[in-house]
Amino acid sequence: MNFTRWSARLPGTQRRTAAAQAAIKARARSAGISGSGTDEGDGTTRRGSDGSGAAGGETEAAGGEPPAGPPAAPAAPPATSDRRATPARPVPGRAPHPHDDDSDNPTVPAARSRPPAEADGGSPAAPGGETAPDSAPDSASSPASGPGPDAASTREARPTRGAASPTGAGAGIGPAVADLEAGPGTESDEAGWQRRRAIDALPVRALLGEVPALAAVVHGPEHRIAFVNDAYSRVFGPRPTGAAAREALPELVELGLLPLMDQVRRSGRPRTVKSRRVPPQQGVPGGRRRPGYYTFTCTPISTSVDSGVLIFAADVTDQVEAAERLRASERRQREAAVTLQRSLLPQELEQPDDLRVAATYQPGGTDAAVGGDWYDVITLGAGRTALVIGDVMGRGVRAAAVMGQLRTAVRAYARLDLPPHEILQLLDGLAAEIDASQIATCVYAVHDPNEGCLSYASAGHVPILVRDADGTVLRATEHTGPPLGTGGWLHTSGSLPLPEGATAVLYTDGLIERRDADIDEGVAALEHAFAGATGSPDIVCDRLLRALGITEDHDDDVALLVFQHPARTGPDAELFHNAALDLLGGTEAAPRARAFASGVLASWRFPTELRDLGVLAASELVANSLQHGTPPMRLLLRRTDRRLIIEVTDGDDHLPRRCRAEPADETGRGISIIAAIASAWGSRRTPGGGKSVWCEFALPGT
């Protein structure tokens, strides 16, 4: 049995042989020749008389001339079934193949031919300076490619892909498989090897002249020009060789590169400057018509007799412009968020009669997104004032939008005149409905001038600070619950004294929080600064910002609300008066209330018309309390510099409502009369139980 012919019919062997022959043909066509084993008519392989490929790997030129180089080795005797393939020696730099040591594995005969450029002696040899013998897995020696010194000496090693053998019996198969694996659009090993050999042959001047980047070479202490490539000339114009850089390269002087070049030449270390702006080149043929940006790298060059600098400039105009467009987009988004944030904050703070109030908001620096800080001042009536500050976690337009909704809700809930903890309880549920992924902190405080205290409730916010007239600072650390939006918590209210001459501050965490310090340290620093910050609320705001180091580049938003309960003396004190009358009920309560109100209003020198309206309002409020409330009752008259306040309290907690009375009804018109004659009216539940009903009259000239 002819083992060689039988093994050549194996499907795997035929595929490998066909792949090797196809690769040989492709390389021959790229070198301008055709393989010796191809037929011009149908592209099939001509075989010798013994059925194997063309002996010795001979090739024919396209014109019919014999190939250059030494003659091929004589054909080896045909393989027989009892002949073993010669074991291949390992090739340096190649991983061993699992079949390399299998001496019983015969090889398949296949025609191998190489282009003349690969067959000559000028090609690089295999690593180690010697050619590897013919060996490849699943292949047998053939007459055309049998081992022999002459045949092996005519082959040369080339780079191949993977672990394919670079020489020997696998020399025709390994590159072919590599070329097939490369696929369309991928550079094969043979083409890459030829390209690298062509680049290596270029001189330095030709290589620098071909690169699209700007390149110039200078030498000596004066940096005299040795070389300028075409790309440099197109941007800056031609430059004379041998001229000093200070006179011949003014663009480098304008960019401030000469000192850098001196440093590079002395130190021998490269330096790079990024994104230097190059102005438009006027009068330079083909020069840039718009500003460009280049990154310059100065690399030292040293020889035995001289030293110089290679100046290499890469055009980064597109990258710089893209970065500038991105920054402009971020700047516009930030400006939109800041505009939204400021539009949602109070445009003008309400000024209560008994408090002096000032607030400030400062967004974070240009690199920080706008947060959701807010503050508000709400007059509740009867001289009471609500002061609110909050912070929505998160940044950008989304946080500002959530903040706006919460601030609107706070103002709506405040009109109910509920205790602070009930306001926060309502806000907690609303925050979860607005955005379940957002949480917020908030402090809601109410100042009552009649009681001289500040009642408050906190939802995860930083503590309130109150400074007495003597400079002692008190920190509110109790009655603090979790932030809004967490749910499942019952908030509680607390109280702080706020007598005349006291000042209080509400703030967000951006004022005290630092990345490198604990928040308690920030609160302590604020206490120290607040103890010495005297003056009006506006001045106190400025001093606190300066003391805490808040600048335009601060990395977080800051909201600050300062209010004072001033101590009034002299003429100002004459504008504020209080008068109260306790009523036990009975038929004599209404006449006593009218007489008391008439006397007090007359002593305060109110006009007759205002005095009559005040007496009527006091009578109606007392009558309403006698009919619908329970003792004890109390009538309170209060005057400020802008209004007259009349308030009646009793022990019943049912709040009155304004209703429409029928013509035949004898009662039910008291609250309607109050709403008609007063500037404002309202009612609320008192902390100890019971209710308070009040009305206000604006003083003439206010």
Side-chain angles (χ1 to χ4, degrees), residues 348-359 375 377-387 445-456 464-474 476 495-506 530-544 560-581 596-597 599-607 610-611 614 618 634-647 649 678-680 692 694-702:
E348 184 176 355
L349 286 178
E350 298 182 21
Q351 294 296 329
D353 296 346
D354 297 276
L355 295 177
R356 295 175 182 172
V357 182
Y375 56 84
V377 178
I378 309 168
T379 54
L380 303 177
R384 302 168 70 251
T385 306
L387 304 116
V446 177
H447 173 249
D448 192 338
N450 297 325
E451 300 177 0
C453 67
L454 185 71
S455 58
Y456 72 96
I464 305 173
L465 299 181
V466 178
R467 187 191 66 211
D468 294 336
D470 59 357
T472 303
V473 177
L474 177 64
S495 180
L496 288 172
L498 191 69
E500 290 186 354
T503 305
V505 57
L506 303 178
F530 188 38
T534 58
S536 65
D538 291 327
I539 296 176
V540 173
C541 284
D542 294 338
R543 290 181 175 178
L544 292 180
L560 187 62
L561 178 63
V562 177
F563 53 95
Q564 292 178 345
H565 187 192
R568 297 178 176 89
T569 59
D572 291 340
E574 296 296 328
L575 300 177
F576 292 82
H577 294 284
N578 289 341
L581 174 64
F596 176 78
V600 170
L601 297 181
S603 66
W604 289 347
R605 301 177 182 177
F606 283 151
L610 181 59
R611 186 170 64 244
R634 191 168 186 260
L635 172 64
L636 175 66
L637 302 179
R638 188 166 186 273
R639 172 197 172 141
T640 68
D641 57 345
R642 288 182 287 181
R643 70 196 74 220
L644 168 65
I645 302 169
I646 302 175
E647 183 176 6
T649 61
S679 303
S692 170
W694 55 268
C695 65
E696 295 180 353
F697 295 89
L699 299 183
T702 60

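All values below were derived from every heavy atom in this structure, side-chain atoms included, with hydrogens, water molecules and symmetry-related copies excluded. Quick note: residue numbers are just sequence positions, from 1.
A heavy-atom distance below 4.5 Å is found between the side chains of Leu610 and Leu699. Side-chain atoms of Ile646 and Leu635, non-hydrogen and from C-beta on, do get closer than 4.5 Å to each other. When side chains are defined from C-beta on, Tyr375 counts as touching Leu349, because their heavy atoms get closer than 4.5 Å. Val377 has its side chain within reach of Thr385: a pair of non-hydrogen atoms, C-beta onward, lies under 4.5 Å apart. Side-chain contact between Arg639 and Phe606 is present, with at least one heavy-atom pair separated by less than 4.5 Å. In this structure, the side chains of Pro352 and Val357 come closer than 4.5 Å at one or more pairs of heavy atoms.
From Thr379, atom OG1 reaches atom CG of Asp354 across 11.5 Å, with rounding to the nearest 0.5 Å. For the atom pair CG (Asp468) and CG (Leu498), the distance works out to 9.0 Å, reported to the nearest 0.5 Å. Expressed to the nearest 0.5 Å, how far CZ of Arg638 lies from CG of Leu644 amounts to 11.0 Å. Atoms CG and OH, on Leu387 and Tyr456 in that order, are 14.5 Å from each other to the nearest 0.5 Å. Going from atom CG of Leu355 over to atom CD of Glu350 covers 12.0 Å, rounded to the nearest 0.5 Å. Expressed to the nearest 0.5 Å, how far NE2 of His447 lies from SG of Cys453 amounts to 7.5 Å.
Listed here is the closest heavy atom pair of Ala698 and Ser679: N-OG, 3.2 Å. The minimum heavy-atom distance between Arg384 and Val446, with the atom names listed, is NH2-CG1, 3.5 Å. Closest non-hydrogen pair, Pro537 versus Gln564, comes out as CD-OE1, 3.6 Å. Residues Phe697 and Ala678 come closest through the heavy atom pair CE2-CA, 3.7 Å. Residue Leu637 comes nearest to Ala597 through the heavy atom pair CD1-CA, 3.8 Å, listed as atom of the first residue, atom of the second, then distance. Considering all non-hydrogen atoms of both residues, Val540 and Ala533 come closest at CG2-O, 3.7 Å.
For Thr649, the side-chain contact (heavy atoms from CB on, under 4.5 Å) partners two or more places apart in sequence, or in a different chain, are Arg634, Glu647, Ser692.
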Exercise. Would you sort out whether Arg467 and Thr472 count as a side-chain contact (heavy atoms from CB on, under 4.5 Å), showing the intermediate values?
Key: CA-CA 5 Å; Arg467 187 191 66 211; Thr472 303; over 6 Å; no
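Between His577 and Trp604, the ring planes lie parallel to each other; the angle is under 30°, not in the 30° to 60° tilted range.
Crowding of Arg543 atom CZ: a count of heavy atoms from other residues, nucleotides or ligands under 6.0 Å exceeding 12.
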